[in-house]
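Nothing here was measured: the structure is a model prediction, and the numbers come from that model. The figures that follow rest on heavy atoms only: side chains count, while hydrogens, waters and symmetry mates do not.
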Amino acid sequence: MTSYFVHFLFLWSLSVMGSAEPAGCKIRITDRGLDMLKYETQKFVEEELSNISMPEMKGEEGRFQYTITDVKITELNLTHADLRFIPDVGLLFDVQNSSISLTFNRRILYWFFYDTGNINASAEGVNINTALNLIRDEEGRLKINNITCDAKISKMSAKFSGTLGRVYGFLARFLTTGMRFLLNQKICPALDHAALVLVNSLLETIPVRTEVDQFIGIDYSLISDPVVTSRSLDMHFRGMFFDLSHQNISLVNYAVEPVIKEYDRMVYLALSEFFFDSGLFSYYTAGVFQMHIVNEKMPKDLEMLLRTTYFGFIMMLNPALVDAPLSLQLAVNSPPKTSIKTSGATVVMTAIVNVMVLPPGQPPVQLSSMTMETKFNAKVSMRGKRLSVHADLRRFKIFSNQSALESLALIPLQAPLKTMLQMSVVPLINNWTKRGVRIPLADGMDFIEEVVEYHNGFIVIGANLHFSKGLREMVVGSSEMEQQTANSTATTSTA
């Protein structure tokens, strides 16, 4: 009985492992990248805390009646701040032994004496511990799910100015105790709002399922919660292109899952063969890999060679067709396939080429049908946030679909057809790919100093990060974008 149970558990574990969807794209942010993000996070937190609004304080202490208004934080010194990973949780922003300077106005009545003035105060021993829990939301987007915050101010002191500043200096301890209590209560709600509202609104601008061009789109949804260790944050994306006109048709991912082992650079992007195959598959189903070469698109030397090759056949069909225009119809007959090795990446493509004669006012007449097998070298590059591929024709072969004898007759066409591909088809492919596809990074963050490494079955791009915008500017930009989207939706609904 026990052996049957163990056998069942073994089969069940295999089925669970086999059902897990492999990632087509992975991104790793290392502790080196976090060091750079720490500076932007520190500035962002300082700006958020500077905007804290404090309520008016009124009260009595002995014969003193006081009112405190216009509390403003004038300076934050978060020099002892740290940003690091929390394994299996997310991020920790930790501030130790820092200081806050602030001012507020006073109105004090003592017996019949009325006095107003400004108070300069400082908070010392400011400690803030904020943990951010990162998850994958229902749409497959990275999200801050929860924030745990603890803020403490060890001591606070105030200096009075004005006519009676020295007289009631003893009020300073009483007032600063209340002010320290209120400030303690305000820090964490401000950071909660900054993370759960502002930063999450920035994360929502990162594309999850978006158009690449008029033919295809890409799905960057996370397939699992991020994996957080003491050294890195790893995100596993579906990384799948799809045909915009047939979004339910997709390629099954049987490719080797990419593996990132390095930590030396700030960020790593890993892409499997499936990532590229799904793009080629989507272009194929969209009907992009078809071409009709005729008239001015036909190189003159190729047209002359075609006429010479098929002169006898045309004469047998109809001598009147000798001067009729010729055309080549190219159509890829199966989805192209990517192969990634340590030596580089290649793409194999097979197409049917039909040689046609075009009688004026009559249906086209097929002269020949041949199979074209091509192999391209694919060079992957990265600029900013856009990934692009440049193709070069490496191998070319044609053979007849009718007979081996005709295949021999096609040998003279090999060189001119290859030249035609290099001059017409390859530039067309590179024109599609040179614009590139955006990787899932927020606006204001870019890759720099990229290094591409080819492995068996996948590519790893290591890079450093560059912030073209500050975190505050990125958040404000995302809020404006969200508002514009909301206004556009409301306008559409009204219409």
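Checking side-chain atoms of Asn200 against main-chain N and O of Ile144 turns up a donor-acceptor pair under 3.5 Å. Listed for the Asn430 side chain is a donor-acceptor partner under 3.5 Å among the backbone atoms of Ala391. Side-chain atoms of Ser232 do not come within 3.5 Å of backbone N or O of Thr30 as any donor-acceptor pair. For the pair Arg307 (side chain) and Val322 (backbone), a donor-acceptor distance under 3.5 Å is present. Not one N or O on the side chain of Glu450 forms a donor-acceptor pair closer than 3.5 Å with the backbone of Ile461. At distances below 3.5 Å, at least one donor-acceptor pair connects side-chain atoms of Thr374 with backbone N or O atoms of Met349. The backbone N or O of Asp264 lies less than 3.5 Å from a partner atom in the side chain of Arg32, making a donor-acceptor pair.
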Begin from the C-alpha positions of Leu330 and Met372 and carry the test side-chain contact (heavy atoms from CB on, under 4.5 Å) through to its verdict.
-> CA-CA 9 Å; Leu330 282 76; Met372 178 180 68; 3.8 Å; yes
Residue pair Glu257, Lys26: steps toward the salt bridge (Lys or Arg N to Asp or Glu O under 4.0 Å) verdict | CA-CA 9 Å; Glu257 189 163 358; Lys26 292 183 179 181; 3.4 Å; yes
Stepwise side-chain contact (heavy atoms from CB on, under 4.5 Å) check, Asp225 with Leu134 = CA-CA 8 Å; Asp225 287 336; Leu134 300 176; over 6 Å; no
Does the side-chain contact (heavy atoms from CB on, under 4.5 Å) test come out yes or no for Ile260 and Glu262, once each step is laid out?
-> CA-CA 6 Å; Ile260 304 175; Glu262 296 84 0; 4.2 Å; yes
Which is it for Met382 and Ile439 under the side-chain contact (heavy atoms from CB on, under 4.5 Å) test, yes or no, and what are the steps along the way?
-> CA-CA 10 Å; Met382 184 71 134; Ile439 62 171; 3.0 Å; yes
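In this structure, Leu222 and Lys143 have side chains that are not in contact, with every pair of non-hydrogen atoms separated by 4.5 Å or more. Looking only at side-chain heavy atoms (C-beta outward), Leu393 and Phe376 come within less than 4.5 Å of each other. Put simply, the side chain of Leu387 reaches to within 4.5 Å of the side chain of Leu271, judged on heavy atoms. With a 4.5 Å cut-off on side-chain heavy atoms, Tyr283 and Asp213 count as touching. The closest side-chain heavy-atom distance from Leu465 to Phe447 is below 4.5 Å. The side-chain heavy atoms of Ile340 and Ile459, taken from C-beta on, include a pair separated by under 4.5 Å. Here the side chains of Phe276 and Val347 are not in contact, with every heavy-atom distance at 4.5 Å or above. Looking at Leu280 and Pro335, their side chains never come closer than 4.5 Å, going by heavy atoms from C-beta outward.
Taken to the nearest 0.5 Å, the CD atom of Glu273 stands 9.0 Å off from the CG atom of Asn456. To the nearest 0.5 angstrom, Ser368 atom OG is 9.5 Å from Leu306 atom CG. Rounded to the nearest 0.5 Å, atoms CD1 (Ile206) and OH (Tyr220) are 12.0 Å apart. Expressed to the nearest 0.5 Å, how far CG of Leu37 lies from CZ of Phe467 amounts to 5.0 Å. Leu191 CG to Glu48 CD: the interatomic distance, rounded to the nearest 0.5 Å, is 8.0 Å. Rounded to the nearest 0.5 Å, atoms CG (Asn253) and CG (Asp277) are 9.0 Å apart.
Across all their heavy atoms, Arg265 and Gly462 have their closest contact at CD-C, 3.4 Å. Nearest heavy atoms, Leu202 versus Met474: CD1-O, 3.7 Å. The two atoms that bring Ala23 and Pro258 nearest to each other are O-CD, 3.3 Å, heavy atoms only. Across all their heavy atoms, Phe281 and Leu251 have their closest contact at CD1-CD1, 3.9 Å. For Tyr284 against Asn333, the heavy-atom pair with the smallest separation is OH-O, 3.2 Å. The two residues Leu358 and Pro364 make their nearest non-hydrogen contact at CD2-CB, 3.7 Å.
Applying the side-chain hydrogen bond (donor to acceptor under 3.5 Å, both in side chains) test between Asp94 and each of Asn129, Thr130, Asn127 identifies Asn129 as the sole match. Under the side chain to side chain contact (heavy atoms under 4.5 Å, CB included) test applied with Leu328, the options Ile293, Val294, Asn354 reduce to a single match, Ile293.
In this structure, Gln362 places its CD atom where more than 12 heavy-atom neighbours from other residues, nucleotides or ligands lie under 6.0 Å away. Taking a 6.0 Å sphere around CD of Glu138, one finds it holds 12 or fewer heavy atoms contributed by other residues, nucleotides or ligands.
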Cut-off 3.5 Å, no hydrogens considered: what does the side-chain donor-acceptor table look like for residues 81-93, sequence neighbours left out?
from: Asp82; atom 1: OD2; to: Arg84; atom 2: NH1; distance (Å): 2.8

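Phe274 does not carry Arg238 over the face of its six-membered ring by the limits of under 6.0 Å from the centre and within 45° of the normal.
Note: Phe275 and Phe241 meet the aromatic proximity criterion, with ring centroids under 6.0 Å apart.
Relative orientation of the Phe458 and His455 rings is parallel, given thresholds of 30° and 60° on the angle between their planes.
Residue pairs meeting the salt bridge (Lys or Arg N to Asp or Glu O under 4.0 Å) criterion with at least one member in residues 373-389, sequence neighbours excluded: Lys385-Asp446.
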